[in-house]
Amino acid sequence: MARDPRQAAEWALLIESGPEQVTMASSRGGMPPAPWAFTNHQKTLKRLMGEATRPWEGRPRVVLLSGPPGSGTTAVAMRFGAESRDCFPEDRQFYVDLRDAAGENGPEPAAVLLRLLRKMGVDPADVPPTEAGREQLYRQLTAGLRALVVIDHVTSLAQVRGLVPATPDVFLLVVVSGPPLLLDAERVPVPPLSDRYAKQMVRKIAGPENAARLKAQLPAVLDRCQGNPLALRAEALMLAGAGSDSGHGAVQGVEQGAEPQRQDPVRGAVAHASLRLAPAAVRLCRLTALGGWPSVSAVIAAAAAGLDDESEAARMLAEAADVELLERLPDARYRFRPEIRRPLADTAALEYGVQECSDAVARVLDTLLNRVLPAAHAALRTSWRTEPAPPFPDGPRTESEGITVLAAEVGNIVRAVSLAEDHRRISTALRLARALWPLQLKAGHWDEVLPALRAATRCADENEADPRTAGALYFQLAHCLNELGRWEQANRAARTAVRHERAAGHLRGEASSVELLGLVSLNRWLYEEAYERFAEAEGIYRRITSGQEGAADLPRALALVERHQGRVLRGMGRLDESRRCLESAADFFTGAEGRPAEPYNQARTLTDLAETLHGIGDDAEALKKITDAEALLTPEAAPHLRYLAGLRRRCEAGAR
């Protein structure tokens with residue numbers, strides 16, 4: 001800047017404009033409603049309110065709320081949200097539930113931050129890719145803000161360590177179903193309900209019309225449930241159902257004294273809820289529970305139970321939700337609470353045997369694979385990284401439809417990769433992971449797909465998968481890590497992809513992986529290193545001859561490499577060379593000579609060209625390229641449009 005007045009003026013413009021502030025939408029906050037039959041726990045709520053309102057004295061406001069499964073930890077957190085609105089307005093209460101994570105250990109800390117920022121109304125385009133950037137944004141948004149942050153079903157200390165507030169007005173409530181974590185926080189256990197309040201809860205749910213039956217049954221109910229709200233609710237619903245014509249075994253179950261295992265009230269609750277369903281519906285729930293699926297649709301449930309009629313499975317799922325074996329989610333999907341899923345799965349093994357249980361999981365794996373392969377092909381119809389179109393005429397037709405299906409099933413796909421490996425379905429595991437490529441490329445679901453890619457690459461190594469498949473998976477892993485700013489890990493994964501593709505003799509895959517190495521270096525501003533990688537990738541691409549695999553893709557691949565070379569040359573200060581490369585690449589993406597136009601890639605290249613022209617000092621021409629690029633982009637490309645707006649301001653200042 002000392003040598004170049006133009007750069008000094010541009011720096012002054014940047015400082016004067018200040019960074020664009022990320023904001024959050026006030027309408028995204030709010031806790032879910034507390035259960036209507038919530039009873040007592042007034043001492044627990046009083047302790048929470050005491051922590052929220054005590055003198056700050058520099059000590060973070062953090063509470064670890066814990067209790068055994070079914071003890072009502074979530075209900076207490078929701079009730080506290082409802083009762084503390086004078087302290088924390090509804091639009092400043094942020095609730096994140098981690099129980100729908102695909103893995104047993106829950107999401108990574110970065111993914112927890114991502115969920116919280118989305119709850120806070122941050123535009124997805126404004127969420128930083130790295131964990132450190134997300135934590136910084138979280139602290140920026142909550143500075144001076146009176147807010148309640150509730151993270152439910154936490155399974156590890158790492159998930160919440162970065163959320164501990166440093167300001168007096170933010171209250172972090174960490175909810176654990178099970179043993180408490182070793183978190184530096186005020187520890188508040190949720191005790192069992194006393195008999196007095198347990199009776200109140202059962203009477204509320206069962207209703208006054210069942211008072212006579214309650215009087216006779218209540219001592220045994222209290223003995224079985226041991227003050228566990230989940231078990232008490234199941235017993236109360238059972239007693240209420242016994243007085244009506246609904247249910248498939250309620251009256252018989254009570255009158256015959258069919259008592260579940262007394263030592264575990266939650267298992268008893270599951271057994272009583274099951275008595276209210278037809279045997280076929282119970283079987284469907286048990287077999288579906290075996291997979292530990294983050295979400296359950298009629299498609300998945302029908303596959304687990306071996307049903308041809310998905311509408312019949314949908315009806316059974318709705319009935320199971322009515323007796324609270326399942327929880328309803330949007331879009332006709334459901335999920336099991338972990339403490340309910342476990343006894344259902346355990347009972348399935350005892351009732352139906354190992355082979356039937358294994359077959360149920362295998363059917364769901366096959367169904368998921370047959371569902372996501374057509375979706376991946378539709379989302380990236382011309383990409384060689386997706387499998388050819390499978391013979392499923394009812395599959396998605398458009399890119400948007402394909403992405404929608406993949407996004408809806410991403411949690412189940414991640415879970416299925418690990419399950420397929422456990423069941424020695426290695427090919428299924430690897431194909432499922434590869435089907436995630438459109439989702440990470442087109443929709444930016446990097447946090448969601450990362451666990452599956454880590455599992456799939458490990459699976460490929462341990463089972464000595466063919467090098468081409470292993471190379472493709474390591475490429476996906478490297479791409480994902482690069483987008484998340486984990487560049488050292490991305491560099492290692494990309495080098496492994498190069499090694500596998502080279503061993504397979506797959507020139508197109510090798511060149512693409514070397515190109516990715518260049519992109520990792522470019523993101524780190526290692527321009528000379530990036531230029532070497534792009535030149536190496538170009539050389540490998542040019543070894544593909546007419547008739548070889550990948551020859552049809554060669555012109556486009558070379559145009560993309562040329563664009564990347566232009567970007568690197570700009571960083572190296574070789575602006576005239578950068579301009580020639582970028583103009584050539586931009587011409588290719590216009591679709592001349594019978595090629596299909598690629599508006600998005602053309603817009604990206606024109607943006608790079610405008611940057612170079614600005615560096616040269618030709619701001620008038622740069623402004624023309626910016627206008628052309630803006631016309632090519634759709635509203636969905638909001639981050640790029642914002643970048644172009646900033647670039648326009650810089651060029652306009654330079655043109656004056």
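No experiment lies behind these values; they were computed from the predicted model shown.
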Would the distance check show the side chain of [X] and the main-chain N or O of [Y] forming a donor-acceptor pair, the cut-off being under 3.5 Å?
{"X": "Lys119", "Y": "Val149", "value": "no"}
{"X": "Arg187", "Y": "Leu181", "value": "yes"}
{"X": "Ser84", "Y": "Cys87", "value": "no"}
{"X": "Arg54", "Y": "Trp56", "value": "yes"}
{"X": "Ser358", "Y": "Val354", "value": "no"}
{"X": "Arg61", "Y": "Pro168", "value": "yes"}
{"X": "Glu339", "Y": "Pro69", "value": "no"}
{"X": "Glu51", "Y": "Glu186", "value": "no"}
{"X": "Arg85", "Y": "Glu90", "value": "no"}
{"X": "Arg335", "Y": "Arg328", "value": "no"}

Is [X] salt-bridged to [Y], cutoff N-O under 4.0 Å?
{"X": "Asp184", "Y": "Arg59", "answer": "no"}
{"X": "Asp346", "Y": "Arg267", "answer": "yes"}
{"X": "Arg115", "Y": "Glu448", "answer": "no"}
{"X": "Glu319", "Y": "Arg276", "answer": "no"}

Heavy-atom check, side chain of [X] versus side chain of [Y], under 4.5 Å:
{"X": "Asn463", "Y": "Cys459", "answer": "yes"}
{"X": "Leu148", "Y": "Phe94", "answer": "no"}
{"X": "Arg454", "Y": "Gln489", "answer": "yes"}
{"X": "His41", "Y": "Pro191", "answer": "yes"}
{"X": "Pro129", "Y": "Arg486", "answer": "no"}
{"X": "Ile151", "Y": "Val175", "answer": "no"}
{"X": "Leu439", "Y": "Val410", "answer": "yes"}
{"X": "Val174", "Y": "Val63", "answer": "no"}

Under 3.5 Å, is there a donor on one side chain and an acceptor on the other for [X] and [Y]?
{"X": "Arg79", "Y": "Gln42", "answer": "no"}
{"X": "Gln476", "Y": "Gln440", "answer": "yes"}
{"X": "Arg333", "Y": "Ser295", "answer": "yes"}
{"X": "His272", "Y": "Glu235", "answer": "yes"}
{"X": "Arg286", "Y": "Tyr352", "answer": "yes"}

request  = Apply ring pair (Phe, Tyr, Trp, His ring centres under 6.0 Å) to Phe88 and list each qualifying residue two or more places apart in sequence or on a separate chain.
outcome  =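 Here no residue qualifies.
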Over 12 non-hydrogen atoms of neighbours within 6.0 angstrom of CD in Gln136 =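 For Gln136, atom CD is not crowded (no more than 12 foreign heavy atoms under 6.0 Å).
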task = For Ala493 and Leu481, work out which heavy atoms get closest and say how close.
result =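 Ala493 and Leu481 have their closest heavy atoms at CB-CD1, 4.4 Å.
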task = Please report the shortest heavy-atom distance between Leu172 and Val160, naming the atom on each side.
result =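 Looking at all heavy atoms of both residues, the closest pair is CD2-O, 4.3 Å.
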Hey, what do you get for [atom1] ([X]) to [atom2] ([Y]), rounding to the nearest 0.5 Å?
{"X": "Leu325", "Y": "Leu284", "atom1": "CG", "atom2": "CG", "answer": "11.0 Å"}
{"X": "Ser297", "Y": "Leu368", "atom1": "OG", "atom2": "CG", "answer": "8.0 Å"}
{"X": "Arg118", "Y": "Asp123", "atom1": "CZ", "atom2": "CG", "answer": "10.5 Å"}
{"X": "Thr44", "Y": "Phe80", "atom1": "OG1", "atom2": "CZ", "answer": "12.0 Å"}
{"X": "Phe171", "Y": "Leu173", "atom1": "CZ", "atom2": "CG", "answer": "5.5 Å"}
{"X": "Thr73", "Y": "Asp152", "atom1": "OG1", "atom2": "CG", "answer": "6.0 Å"}

query = Can you check side-chain contact (heavy atoms from CB on, under 4.5 Å) on Leu484 and Thr130, steps first, answer last?
reply = CA-CA 5 Å; Leu484 290 170; Thr130 64; 6.0 Å; no
query = Which pairs pass ring-ring contact (aromatic ring centres under 6.0 Å, His included) with one or both residues in residues 145-169, sequence neighbours excluded?
reply =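 As it turns out, there is no ring-ring contact (aromatic ring centres under 6.0 Å, His included) pair with a partner in residues 145-169 once direct neighbours are skipped.
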request  = Please step through side-chain contact (heavy atoms from CB on, under 4.5 Å) for the pair Leu163 and Val112, ending with a clear verdict.
outcome  = CA-CA 9 Å; Leu163 303 179; Val112 176; 4.3 Å; yes
